[in-house]
Amino acid sequence: MTPRRRRAAGGGRRGQRNEAARLTEQLMEAGEFSKKQVGAILGRDPSLVSQFFTKNKGASLVPALRAALQAVQAGVRDTESLQAIAAGHIQPRLSKTGARARVRGRSSARAEKTVTEDGRRVKRWTSSMAKAGRQHIAAGASRLYPVVAEAAANRGRIAFTVRARRDAFIHDSGRLADSPGVRRNVVQRRDRTEERAYGNNVGGPGSGEEGFDAVEFKAMVDAAGGDVAAAVLNWLVDTGRIAPGTQLTSLEIRAWRLRED
């Protein structure tokens with residue numbers, strides 16, 4: 001058997017690094033930055049910066065890296081200033097047809113505010129959101145449960161948006177029997193799927209979404225073994241909104257704390 005060739009010490013790709021990797025290395029040395037800081041300057045995840053070195057990515061960010069490096073060499077060290085400089089040289093990604101490419105949104109978000117309680121300043125949860133796609137839903141959609149649990153612990157409200165085959169919904173889009181008061185929250189897509197938003201609108205059409213009681217919603221989820229997607233699907237089937245056996249393409253859970261007047 002032919003023995004496997006060893007990689008040269010220090011990595012065999014060093015001489016083959018692309019412009020993005022070379023500029024990133026110079027930027028890190030000139031400003032004593034980490035890859036995490038370079039990612040922040042570019043407005044990108046640090047994992048992408050690492051891929052400049054391992055997968056030769058980052059060609060579209062070369063102008064921004066070059067501009068940031070020149071600014072650092074001129075004496076600029078403030079991260080916010082470097083972010084502003086780099087942002088002016090970052091172009092949106094384009095699809096094969098030349099149109100602006102879609103950018104995947106965040107899969108989760110959380111918000112809180114600082115309040116005074118018993119003379120102490122503490123942070124209080126105000127809202128949170130999480131999304132799950134087809135594969136994550138099939139695996140139990142674990143990232144959705146903490147949103148439900150946190151909302152229940154704070155006696156908040158919950159609303160959700162589901163996406164499924166258009167012909168799987170029982171009611172035509174816009175029917176009051178399906179989603180009272182939120183008829184505008186229906187999005188039809190080219191792949192014959194449709195997004196519909198649901199909240200427990202207690203005031204009737206036009207009064208705005210009040211949301212489901214989070215404690216009751218969590219009880220429904222716990223009854224489904226903690227699977228939020230399964231609980232939502234059960235609710236849609238039990239209330240006559242969607243056909244049994246439907247597969248959800250995506251699910252977004254939104255939770256918030258009611259305002260205290």
Side-chain angles (χ1 to χ4, degrees), residues 104-112 125-189 191-204 207-258:
R104 183 179 298 173
R106 295 178 63 183
S107 60
S108 62
R110 186 179 186 278
E112 57 187 15
W125 172 84
T126 58
S127 65
S128 53
M129 177 276 293
K131 300 177 183 178
R134 189 195 303 270
Q135 291 181 335
H136 196 58
I137 289 173
S142 58
R143 74 165 64 100
L144 302 179
Y145 188 82
V147 174
V148 175
E150 192 167 39
N154 288 276
R155 305 196 70 83
R157 312 295 290 183
I158 287 177
F160 60 87
T161 298
V162 296
R163 181 178 171 188
R165 289 191 342 268
R166 193 178 307 169
D167 59 4
F169 291 99
I170 303 299
H171 302 286
D172 293 336
S173 60
R175 285 281 188 92
L176 290 178
D178 179 55
S179 187
V182 290
R183 286 177 291 172
R184 62 189 178 279
N185 290 343
V186 175
V187 179
Q188 295 181 338
R189 297 184 176 274
D191 60 358
R192 298 190 179 185
T193 62
E194 188 167 285
E195 286 185 4
R196 297 196 185 187
Y198 296 93
N200 184 24
N201 186 283
V202 298
S207 66
E209 291 181 53
E210 294 293 332
F212 296 91
D213 179 86
V215 175
E216 296 178 0
F217 196 94
K218 181 176 181 297
M220 181 177 71
V221 172
D222 289 338
D227 189 327
V228 181
V232 167
L233 184 58
N234 290 341
W235 180 85
L236 291 169
V237 172
D238 292 344
T239 57
R241 288 172 164 83
I242 207 166
T246 299
Q247 290 187 337
L248 300 182
T249 304
S250 69
L251 172 62
E252 177 182 292
I253 298 290
R254 301 177 300 281
W256 66 95
R257 188 188 186 103
L258 292 175

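Contact of the D213 side chain with the R157 side chain is registered, since non-hydrogen atoms from C-beta on lie closer than 4.5 Å. Using a 4.5 Å cut-off on side-chain heavy atoms (C-beta onward), F160 and V147 make no contact. Proximity of R163 to D191: side-chain heavy atoms (C-beta onward) are separated by under 4.5 Å at one or more points. Under the 4.5 Å side-chain criterion, counting only non-hydrogen atoms from C-beta, R192 is not in contact with D167.
Residue T246 comes nearest to A164 through the heavy atom pair CG2-CB, 3.9 Å, listed as atom of the first residue, atom of the second, then distance. Counting all heavy atoms, side chain and backbone alike, L248 lies closest to I137 at O-CD1, 3.7 Å. Here the shortest heavy-atom pairing between W256 and I158 reads CZ3-C, 3.9 Å. In this structure, A197 and T161 approach most closely via the heavy-atom pair CB-OG1, 3.6 Å. Heavy atoms only, all atoms of each residue included: A229 and A141 are closest at CB-CB, 4.4 Å. Listed here is the closest heavy atom pair of V232 and I253: CG2-CD1, 4.5 Å.
Atom NE2 in H171 sits 6.5 Å away from atom CZ in R241 (nearest 0.5 Å). Here the straight-line distance linking atom CG of D238 with atom CG of L233 works out to 9.0 Å at 0.5 Å rounding. Here K131 contributes atom NZ and L251 contributes atom CG; the two are 11.5 Å apart, rounded to the nearest 0.5 Å. Here the OG-CZ distance, from S128 to R257, works out to 12.0 Å after rounding to the nearest 0.5 Å. Taking CG of D227 as the start and CG of D222 as the end, the distance is 11.5 Å to the nearest 0.5 Å. Rounded to the nearest 0.5 Å, atoms CG (L144) and NE2 (H136) are 5.5 Å apart.
Residues Y198 and F212 keep their aromatic ring centres 6.0 Å or farther apart.
Under a 3.5 Å cut-off, the side chain of W125 and the backbone N or O of S127 do form a donor-acceptor pair.
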